[in-house]
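Quick caveat: nothing in here was measured; it's all calculated off a predicted structure. Each chain gets a letter, A, B and so on, in the order its sequence line appears, and its residues count up from 1.
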Amino acid sequence: MKLDFVGEKGFALYKLLDLGDIIGVKGYLFRTRTNELSIHVEEIHFLAKDLLPLPEKWHGLQDVELRYRQRYVDLVMNEDVRKVFVARSKVVSAIRRFLDSRGFIEVETPMMQPLAGGAAARPFTTHHNTLDIDLYLRIAPELYLKRLTVGGLDRVYEINRNFRNEGISTQHNPEFTMLEFYQAYADYRVLMDLTEELLAQVARDVNGTTKTTFNGHEIDFGDWQRLSMREAIIKYWPGAAGAKPHMSDFVDAKTVGALVKRLHDAKIHNMPYDPAEPAGKTIAAMFEAVAEEHLIQPTILYDFPVAISPLSKNKPDEPDWVERFELFVGGLEIGNAFSELNDPEEQRRRFEQQLNEKERGDEEAHAMDEDYIRALSYGMPPAGGEGIGIDRLTMLLTGSRSIRDVILFPLLRPLQPGEIDAADSEEEAAPSTPNDK
RNA sequence: GAGCGCGUAGCUCAGUCGGUAGAGCAACGCACUUUUAAUGCGUGGGUCGCAGGUUCGAUUCCUGCCGCGCUCACCA
């Protein structure tokens, strides 16, 4: 920047610039004595003014609340944050590339649904005025995507938002992004192989390697273990609770109850237990209490109890169990898949069981969906379906410990805008009602 | 929803065993025409999250509230 080249006016402008202003320059590139790439400016144009002071350059913006509330400032100041969101974009494009190359087509199904189905979660409710009906923001696209396989769209996927009216944590945001895909004439074994390939490829596309570091652990998306839920309970059974269970301990409520008693007696896990609930529910809770935290390296956890899987196909040789698996990486649950139940009669019985659970007080039990049963009655091909949480996958691939670090605008409680201003003006405008309620 | 922690200048942070606050950077002004976070000199900037209580006096102690974080609960 030299007076001789930009003229009086340009130099005067230059002197008025502040940190954060946006300018355009014309000139040529050169290297300074210290070999720093620079621009020899011959013309300078003023493009935009930064009126609010930016945080200091050296420390950047570190206040987490401000980083989430004013993400634009976070992005300006912190290059690492920009890299995370670039990586997130690569995650999504890599998934699309992978699925597109295998003949899947991307579709869009309703976000507002008259019944919130396809998962077990409390929905958000909204209202359409003209039709005068309540609608739910979807908790999953599942039942609509499977209707498409009835219609002959054999390989479909959707990457979009789900909404669940539940708690917020480092692993939960009320709106989050899910990949769901369905492949006709495949079962959960096929999906296990496909999943391993998909996630290894995504990791390579994003980071150039299948390895990533998360929460102090090196994780290799190219190296998976497969464990059944019962095997996992056995493998991680705590020594304080006595000898490891056998497969025969999982057959009915009586033997499962005995296992729970051993855990409770050992006082090392406070797992919830309701003797009236189906044994399958208890077994799933036992898995969570005993084994889930140990699943750091990529794990396919397969074969789930039918009691917690209303949409999955039974195992042919074990009717109380279904062909279903979940993905655990870094201690996070990042995916859920199963051979889809395509028998309308069995599906009706499953919904009826869910209604019983609802009667027992389970708010998240699945609702009866008559149109879905009708769709199955037209013949749904056997299919495998899977959902993968994009936010959590991105957390793993970017080493982000909080889901808020991979969502551009995570949900925070809004500040009352102008709270102070309003208080001031109220005092001036209406000072006479101190005890008014 | 529960427990714990945090909230001081635009940012990053000190500090006050209770006597209304400081630094660095940023901003502004002047000088310098150059450095790769940080040139020099000077100046301005804070109802110490909000509201009560105790006290002669509260940013500091106590209570409540608000916001955020962590853990737990909840979360197929």
Side-chain angles (χ1 to χ4, degrees), chain A residues 1-6 11 14-21 31-38 41 50-70 73-74 76-79 116-123 139-140 142 162-174 176 178 180 229 270-272 280-281 284-285 287-288 292 301 304-312 322 324-327 332-333 335-338 350 354 357 362-366 385-387 389 392 401-405 410-416 419-420 423-424 434:
Chain A
M1 192 73 208
K2 284 195 172 150
L3 177 58
D4 310 351
F5 294 94
V6 296
F11 200 76
Y14 162 70
K15 298 202 60 159
L16 285 172
L17 293 177
D18 293 317
L19 189 64
D21 291 349
R31 289 193 179 272
T32 64
R33 275 171 297 157
T34 51
N35 205 33
E36 187 68 28
L37 193 60
S38 307
V41 178
D50 174 19
L51 294 175
L52 295 173
L54 287 169
E56 110 181 68
K57 192 173 170 186
W58 182 243
H59 291 92
L61 182 65
Q62 296 183 355
D63 183 294
V64 286
E65 183 176 352
L66 279 182
R67 286 188 42 229
Y68 299 148
R69 287 195 191 280
Q70 302 182 28
V73 179
D74 189 28
V76 167
M77 295 308 300
N78 298 324
E79 191 183 352
R122 289 154 66 183
I139 57 176
E142 169 147 356
N162 289 344
F163 306 86
R164 298 185 184 178
N165 203 342
E166 318 233 344
I168 296 174
S169 78
T170 49
Q171 294 165 48
H172 300 86
N173 195 61
F176 63 100
M178 182 96 112
E180 276 206 24
M229 179 180 280
N270 57 340
M271 68 160 284
K281 267 197 171 179
F287 160 76
E288 287 175 23
E292 186 171 3
L301 185 91
F304 277 61
V306 67
I308 58 163
S309 312
L311 303 167
S312 309
V322 296
R324 172 179 171 189
F325 67 87
E326 288 191 348
L327 308 173
L332 300 179
E333 181 198 326
N336 180 31
F338 36 88
R350 298 284 188 84
Q354 289 292 307
E357 288 299 295
D362 183 348
E363 281 186 73
E364 297 177 348
H366 209 291
E386 179 163 342
R392 290 183 183 175
R401 276 197 296 265
S402 170
I403 199 168
R404 294 176 211 108
D405 291 327
L411 184 64
L412 298 182
R413 192 181 293 278
L415 297 177
Q416 291 87 343
E419 188 181 49
I420 295 165
D424 288 348

Is a side-chain donor or acceptor of A:Arg164 paired with a backbone partner of A:Ile139 at a separation under 3.5 angstrom? yes
Do other residues, nucleotides or ligands put more than 12 heavy atoms under 6.0 Å from A:Arg69 CZ? yes
Does A:Gln62 put a side-chain nitrogen or oxygen below 4.0 Å from OP1 or OP2 of B:C13? yes
A:Arg122 side chain N/O closer than 4.0 Å to the phosphate oxygens (OP1, OP2) of B:C74? no
Rounded [atom1] spacing from [N] to [M] in Å:
| N | M | atom1 | result |
| --- | --- | --- | --- |
| B:C70 | B:C28 | C1' | 40 Å |
| B:A21 | B:C6 | P | 23 Å |
| B:U39 | B:U20 | P | 36 Å |
| B:G7 | B:C61 | P | 11 Å |

Whole angstrom is fine here: how far is it from [atom1] in [X] over to [atom2] in [N]?
| X | N | atom1 | atom2 | result |
| --- | --- | --- | --- | --- |
| A:Arg404 | B:C68 | CZ | C1' | 9 Å |
| A:Glu65 | B:G69 | CD | P | 7 Å |
| A:Phe176 | B:C74 | CZ | P | 18 Å |
| A:Asp63 | B:G49 | CG | C1' | 12 Å |
| A:Phe325 | B:A76 | CZ | P | 17 Å |
| A:Leu411 | B:C68 | CG | C1' | 13 Å |
| A:His59 | B:A23 | NE2 | C1' | 12 Å |
| A:Leu311 | B:A76 | CG | P | 13 Å |

Of the nucleotides [options], which has the atom closest to the [X] side chain?
| X | options | result |
| --- | --- | --- |
| A:Glu166 | B:C74, B:U71, B:A76 | B:C74 |
| A:Leu61 | B:C68, B:A76, B:C11 | B:C11 |
| A:Met178 | B:C11, B:A76, B:C68 | B:A76 |
| A:Leu412 | B:C70, B:U12, B:C68 | B:C68 |
| A:Tyr68 | B:A76, B:G69, B:C74 | B:G69 |

Exercise: do A:Arg404 and A:Asn173 side chains pair donor with acceptor under 3.5 Å: no
Let me spell it out: for each of A:Trp58 and A:Asp362, pick the nucleotide of RNA chain B with the closest heavy atom. Which residue's pick is nearer the 5' end? A:Trp58
Paired with B:A73 by Watson-Crick or G-U wobble geometry, both distances under 3.5 Å: which nucleotide is it? none
Any strand: nucleotide that pairs with B:C28 via Watson-Crick or wobble, under 3.5 Å: B:G42
Any base atoms under 4.0 Å from A:Ser169, or only sugar-phosphate, or nothing? Heavy atoms, all strands. nothing
Categorize A:Gly60 for me: base, sugar-phosphate, or nothing, with a 4.0 angstrom heavy-atom threshold over every strand shown. sugar-phosphate
Measure across A:Ala116 and A:Pro123 and return the closest heavy-atom pair with its distance rounded to 0.1 Å. CB-CB, 3.7 Å
